[in-house]
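Everything numeric in this text was worked out from a predicted model, so none of it was measured.
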Amino acid sequence: MVRVLPVFRRSLGDSWRSLIGWSLGVAAALLMYLPLFPSLGGDGEMQQMLETLPPELVKTLGYEQIASGPGYTQGTFYGLIGFLLLVIAATSWGSSSIAGAEESGRLELTLAHAVGRSQYALESALSVLVRLAWLGLLAAGIVLALNEPSELGIEPPQVFAVTAALVGLAFVSGAVALLVGAATGRRILATAAGAGIAVVGYVFNAIANQVEDAEWLRSLSPYSWAYRELPLVEGADWAGLGLLWGLAAVSVVAGTLILRERDLTG
Amino acid sequence: MTPAIETIGLQKRYGTHPAIHDLNISVAPGTVFGLIGPNGAGKTTTLRMLLDIIRPSGGVARVLGADPRAGGPTLRRRIGYVPGELRLEGRIRGRNLLRHYAEISGPVAPGVIENLADRLGLDLNRNVRTLSKGNKQKLGLIQAFMHRPELLVLDEPTSGLDPLVQREFLELVREARAGGQTVLLSSHVLSEIQQTADHVAVLSTGRVVAEGAVASLRLGKIRRIRASLDGADPGGIEAELATVPGVREVTVIGDEATRTTRLTATLDGEIDPLVQLFARHRVGDLVIEEPDLEESVLQLYGGSTGSASGEEVRRG
């Protein structure tokens with residue numbers, strides 16, 4: 001009767017409905033945007049439209065490359081809607097797994113059973129990661145399926161490179177939310193931290209896009225770590241992925257250690 | 001024999017506010033130990049320290065021979081716990097929630113969960129969040145009892161339960177003791193402690209203010225009296241009451257219009273003299289009840305009385 005990863009399995013069991021919701025959102029975004037590309041980008045119309053926009057706006061949105069298939073996919077989904085959806089999902093999952101469970105009183109009961117605190121934190125983090133990976137792979141599958149019909153011209157291996165970047169970027173938010181939840185037990189603080197690091201990263205990246213002197217801000221922006229080397233064109237940027245996944249891993253480990261030390265609040 | 005639970009000088013401070021001072025209790029294996037006291041006395045804080053939910057600021061706790069923190073999951077598998085504030089949420093059926101905890105702290109013998117649910121009258125197919133407070137509490141009891149742990153730590157376990165289910169619960173506790181399990185039961189329901197516990201400690205503002213075998217504590221003798229007597233003279237009643245030993249806190253109110261006299265009092269002594277007194281009048285209404293533990297404990301032990309172990313109790 002004793003089986004492996006009970007916390008992980010319960011967390012997935014509790015959240016499959018919300019996971020379906022997020023999956024539908026990701027699929028809908030891709031199915032709305034990508035099929036439009038041939039009519040927009042194919043005949044230079046997109047390029048014309050971009051020229052009418054203020055260059056600052058184009059740079060802020062990262063739309064310089066939008067006339068190409070990979071640039072369009074990056075600009076619409078991976079850099080914007082997909083980023084938004086996965087970060088929100090990750091933050092919500094990360095903050096509910098410890099802080100939410102603690103506020104609801106569930107954590108006290110669970111930890112009074114034969115579950116170690118490290119085990120609880122690590123299985124919770126794994127559950128967030130697996131759900132994010134599912135969303136990332138679902139998106140990758142849809143992009144690959146639409147690659148030819150929508151004339152995106154993406155090299156298939158690069159789809160996995162950008163997926164690793166997107167999932168890593170979202171997992172940073174999830175892991176930071178988990179860390180702050182583990183440290184404070186307050187869901188609202190955990191959510192603010194997870195969303196905050198995503199927003200700050202995005203803003204730093206946008207500033208660096210416009211102001212040459214602010215290029216150094218990219219080194220502080222998880223968003224830049226993920227996308228600065230255009231993984232849909234250039235393939236995996238191992239340094240950027242290392243920073244993303246490294247920061248996420250450090251956050252999870254720190255959260256685990258802090259949770260071990262402190263009193264639970266009810 | 002090693003105590004099932006032992007605390008030596010256990011302390012817990014929140015910031016500078018001391019919640020538990022220097023707590024010393026010892027629970028013999030195979031017995032039921034009652035921890036009673038008013039709200040805020042530190043019962044929940046104490047039990048949470050035993051489960052390693054929170055950590056002591058000082059002193060030593062030993063649970064089944066192990067330090068709660070060092071014992072870790074292995075130790076907690078041997079404990080069943082009902083939290084004082086049981087809140088269950090989520091779209092999960094009672095049965096699946098129990099299966100989840102059984103996987104963690106099991107093994108659970110086949111049929112035990114169904115049997116407990118049957119005895120307590122709980123539908124395991126309902127979603128947890130749709131359950132009433134009482135039904136959630138039943139689920140809380142089942143998850144604590146189902147794996148037959150060596151030690152049961154129950155924090156206000158009957159809150160929200162109706163009287164029939166409370167009786168079934170007391171039966172469960174007796175069976176647990178008969179089966180060699182140790183029970184630490186916190187409650188502010190006096191009768192619950194009296195009916196099950198062998199030994200009791202009274203906690204007030206984070207200290208043990210009295211401790212001993214249940215029978216020795218005299219808690220059971222206090223009664224609150226409320227009566228209304230027809231056609232009696234309030235002054236006379238008051239004088240009569242003053243002659244009954246153990247009657248205190250008397251208030252007498254005469255109602256000219258209906259010619260009734262209403263009175264309330266606290267009795268700490270034999271009931272018979274008081275009943276004799278009432279029998280000389282026409283009794284319109286009579287209520288004799290056990291007071292809240294809070295009242296009786298504070299009344300008995302709230303002053304600077306010595307605890308049963310003879311220690312001088314200082315009030316903080």
On a heavy-atom basis, the closest approach of A:R10 and B:I92 is NE-CD1, 3.9 Å
Okay, A:R9 and chain B: the region with an atom under 4.5 Å from a heavy atom over there is side chain
*asked:* So for atom CZ, which belongs to A:R262, do other residues, nucleotides or ligands contribute more than 12 heavy atoms lying within a distance under 6.0 Å?
replied: yes
Greatest number of non-hydrogen atom pairs under 4.5 angstrom with chain A, of B:M49, B:R76, B:Q143, B:R69, falls to B:R76
Residues A:A114 and B:S105: closest non-hydrogen pair is N-OG, 3.0 Å
If you draw a 6.0 Å radius around CZ in B:R93, do more than 12 non-hydrogen atoms from other residues or ligands fall strictly inside?
no
Taken to the nearest 0.5 Å, the spacing of A:L111 CG from B:L51 CG works out to 10.0 Å
Heaviest contributor of heavy-atom pairs below 4.5 Å to chain B, chosen from A:P6, A:G116, A:S104, is A:S104
In a table with atom names and distances, give each donor-acceptor pair under 3.5 Å that connects a side chain of residues 127-146 of chain A to protein atoms at least two apart or in another chain.
| residue | atom | partner | partner atom | Å |
| --- | --- | --- | --- | --- |
| A:S127 | OG | A:S11 | OG | 2.4 |
| A:S127 | OG | A:R131 | NE | 3.2 |
| A:S127 | OG | A:R131 | NH2 | 2.7 |
| A:R131 | NE | A:S127 | O | 3.1 |
| A:R131 | NH1 | A:S15 | OG | 3.0 |
| A:R131 | NH2 | A:S11 | OG | 3.3 |
| A:W134 | NE1 | A:S23 | OG | 2.8 |

(message) Tell me whether A:D263 is salt-bridged to B:R48, with the criterion being a basic N under 4.0 Å from an acidic carboxylate O.
(response) no
So CG of B:N96 and CG of A:D14: to nearest 0.5 Å the spacing works out to 9.5 Å
dist A:L107:CG -> B:I53:CD1 (nearest 0.5 Å) comes out at 7.5 Å
- Item | Validation row: A:L109, B:L88 side chains within 4.5 angstrom (heavy atoms) | yes
What I'd like to find out is whether the side chain of A:E108 reaches to under 4.5 Å of the side chain of B:Y81, using heavy atoms alone.
yes
Worksheet item: In terms of the angle between their ring planes, are A:H113 and B:H147 parallel, tilted or perpendicular, with boundaries placed at 30° and 60°?
Response: tilted
When the 4.5 angstrom heavy-atom criterion is applied to B:L86 and chain A, the contacting part is side chain
Review point. Got B:R91 and A:W16 here, is their nearest side-chain heavy-atom distance under 4.5 Å?
Key: no
Bottom line for A:E261: the part with an atom under 4.5 Å from chain B's heavy atoms is both
Among residues 166-191 of chain A, residues within the sub-4.5 Å heavy-atom range of chain B, in order of number, are none
